[in-house]
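These notes concern the structure reproduced below.
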Amino acid sequence: MRNIRALQPLFDLAKPGRRATRFPKSDVPEVPLTKLLPATAIAEQPPALPELAEPDVVRHFTNLSTLNMSVDTHFYPLGSCTMKHNPKRNERLASLPGMLDLHPYQPEETLQGMLALLYELQQMLGEIGGLPAVSLQPAAGAQGEFTSLLIASAYFRERGENRTKVLAPDSAHGTNPASAAVAGFTAVTVKSTPQGFVDLADLAAKLDHETAVFMITNPNTLGMFEPNIKRIAEMVHAVGGLLYLDGANMNAILGITRPGDFGADMMHFNCHKTFSGPHGSGGPGAGPIAVTSVLAPYLPAPLVVREDAGYRLDYDRPKSVGRVRSFFGNVGILVRAYCYIRSHGPDGLRRVSENAVLNANYLLARVKHIFPVPQGDRCMHEFVASAAKLKTDKDISAMDIAKRLLDYGFHAPTVYFPPIVREAMMIEPTETESKETLDAFAETLFRITEEPAELLHEAPHTTSISRPDEVRAARQPVMISPPPGSP
Ligand SMILES: *Cc1c(COP(=O)(O)O)cnc(C)c1O
């Protein structure tokens, strides 16, 4: 208020009696609300919204968004999750009004462009997987697994076979046994060999005429391509079972080999891992499935079909397991997958996989003298290193390293998965990372192993919170940003 005298001329102008500001009358007609909305849709009282200043709201959400790491802000070698390159071009294309301003209840004649896109995506995924019949409906890999197991159920029911078991290796992602249980099967675990491959003797012992499906991830969660895959497919088929390919690791084999060619009957794709859909914290995803022509009749309805008159949604599928998600699936992510696949083309997709494999092998070669990789000297798009020796020698755990990496501006790798490797660190570099970034990450790992264990036990030191109770944080998230002025 010290400068109030400087404002005096303004106050003089604002003396009572001055007339209020007037604007010329607008030519833009005012439309009463009752003309825009049916009377039943108009609230009698304004809703009780919290009264906040706009800058406070904008700051709240902007600050919240910076508390997290993402592929746009940090190197993010989160194994299994495949933090894929997210081309900005995809975002522009998916935001075009022709993509965004559609409603799924529009008449099909007015959705022809989108239906063409979805139809072509079905075709291209069928070609990539070597399995001709595709449904885009499942919203995630896990839902693709579940849907495929429903298809297996329907298939065996129609054949009059009562098959109750679904097998998966002990290296499988937790969603495999979970999907089996939710679909009504008993989940049975098959052992891995010390090299990380399916133990064929154990598989043979567990396969029988009650086996509906063997679920295999190939390349597996250790980042290794299963060399016995054809033999495994034969063993499963010999007892009348189906082979399911968990396609979460398709990023490593695009255009190089196809699940349908190595014996799979059904599979899912994770568009958010393989075809560049941005993801994090559990969403958003798309988990299309592809199956053999024998299993095609059971796919969820509707499918997009092409006829002389144009594209149409086909609901007339009497053997279908039904709908697993509203409308046509998670279309926003499917559009990004389409743009990614089309813009790379078949040769480009193969190069994507080659780069993913090259980057992972480069990092493996750089770190293995300090972090042994129990399953070998070569990997596909990811590898699982072990901090077990560091734990014994220096009391430094995989968790300590993961937490300390945050202080250096790197997202942590996946730790303690798969559970068959002690002090597991599952490292998967994005396929588009530069050599400089990979080197900086490797050198930071080495540096951390030289730091005092006590410092590491308390890490991270630079983040707004340190080591939360992760289970409670997931169940009871506290969604507030730090108050202004706090460190
Ligand atoms: C990520 C993943 C899944 C589950 O996929 P979501 O899309 O996250 O549901 C299944 N299996 C493996 C091997 C995975 O990495």
Please table the atom pairs, donor to acceptor, closer than 3.5 Å between any side-chain atom in residues 369-377 and protein atoms at least two apart or in another chain.
residue: His369; atom: ND1; partner: Arg366; partner atom: O; Å: 3.4
residue: Gln375; atom: NE2; partner: Pro194; partner atom: O; Å: 3.3

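- Taking the charged nitrogens against the carboxylate oxygens, Lys391 and Glu423 have no contact shorter than 4.0 Å, which rules out a salt bridge.
- A donor and an acceptor atom, one from each side chain of Asn270 and Thr82, are nowhere located under 3.5 Å apart.
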Salt bridge (Lys or Arg N to Asp or Glu O under 4.0 Å) for Asp400 and Arg404? Distances and angles first, verdict last.
CA-CA 6 Å; Asp400 293 336; Arg404 185 62 174 155; over 6 Å; no
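- A side chain to side chain contact (heavy atoms under 4.5 Å, CB included) with Leu111 holds for exactly one of Val304, Leu118, Leu313, Leu102; it is Leu102.
- Side chains of Leu93 and Val335 form no contact here, defined as non-hydrogen atoms less than 4.5 Å apart.
- Between Lys403 and Glu470 there is a salt bridge, with a side-chain nitrogen of the basic residue lying less than 4.0 Å from a carboxylate oxygen of the acidic one.
- Checking Ser192 against Asp170 by side-chain atom types alone, a donor-acceptor pair falls below 3.5 Å.
- Qualifying side-chain hydrogen bond (donor to acceptor under 3.5 Å, both in side chains) partners for Asp393, counting only residues two or more places apart in sequence or in other chains: Lys389.
- Using modelled atom types, one finds a donor on one side chain and an acceptor on the other under 3.5 Å when comparing Tyr155 with Arg159.
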Kindly indicate, with the supporting measurements, whether the criterion side chain to side chain donor-acceptor pair (under 3.5 Å) is fulfilled by Glu145 and Tyr244.
CA-CA 8 Å; Glu145 295 168 19; Tyr244 183 79; 5.6 Å; no
Candidate pair Arg231 and Glu234, rule side chain to side chain contact (heavy atoms under 4.5 Å, CB included), full reasoning
CA-CA 5 Å; Arg231 175 89 192 92; Glu234 284 162 17; 3.8 Å; yes
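- Between Glu431 and Lys84 there is a salt bridge, with a side-chain nitrogen of the basic residue lying less than 4.0 Å from a carboxylate oxygen of the acidic one.
- Checked for salt-bridge contact, Lys88 and Glu91 miss the test: no charged N lies under 4.0 Å from a carboxylate O.
- At a cut-off of 3.5 Å, with distance as the only test, no side-chain donor of Thr217 or Asn220 sits close to an acceptor on the other residue.
- Contact check on Arg475 versus Asp469 returns no salt bridge, with no Lys/Arg side-chain nitrogen under 4.0 Å from an Asp/Glu carboxylate oxygen.
- Taking the charged nitrogens against the carboxylate oxygens, Arg350 and Glu354 do have a contact shorter than 4.0 Å, which makes a salt bridge.
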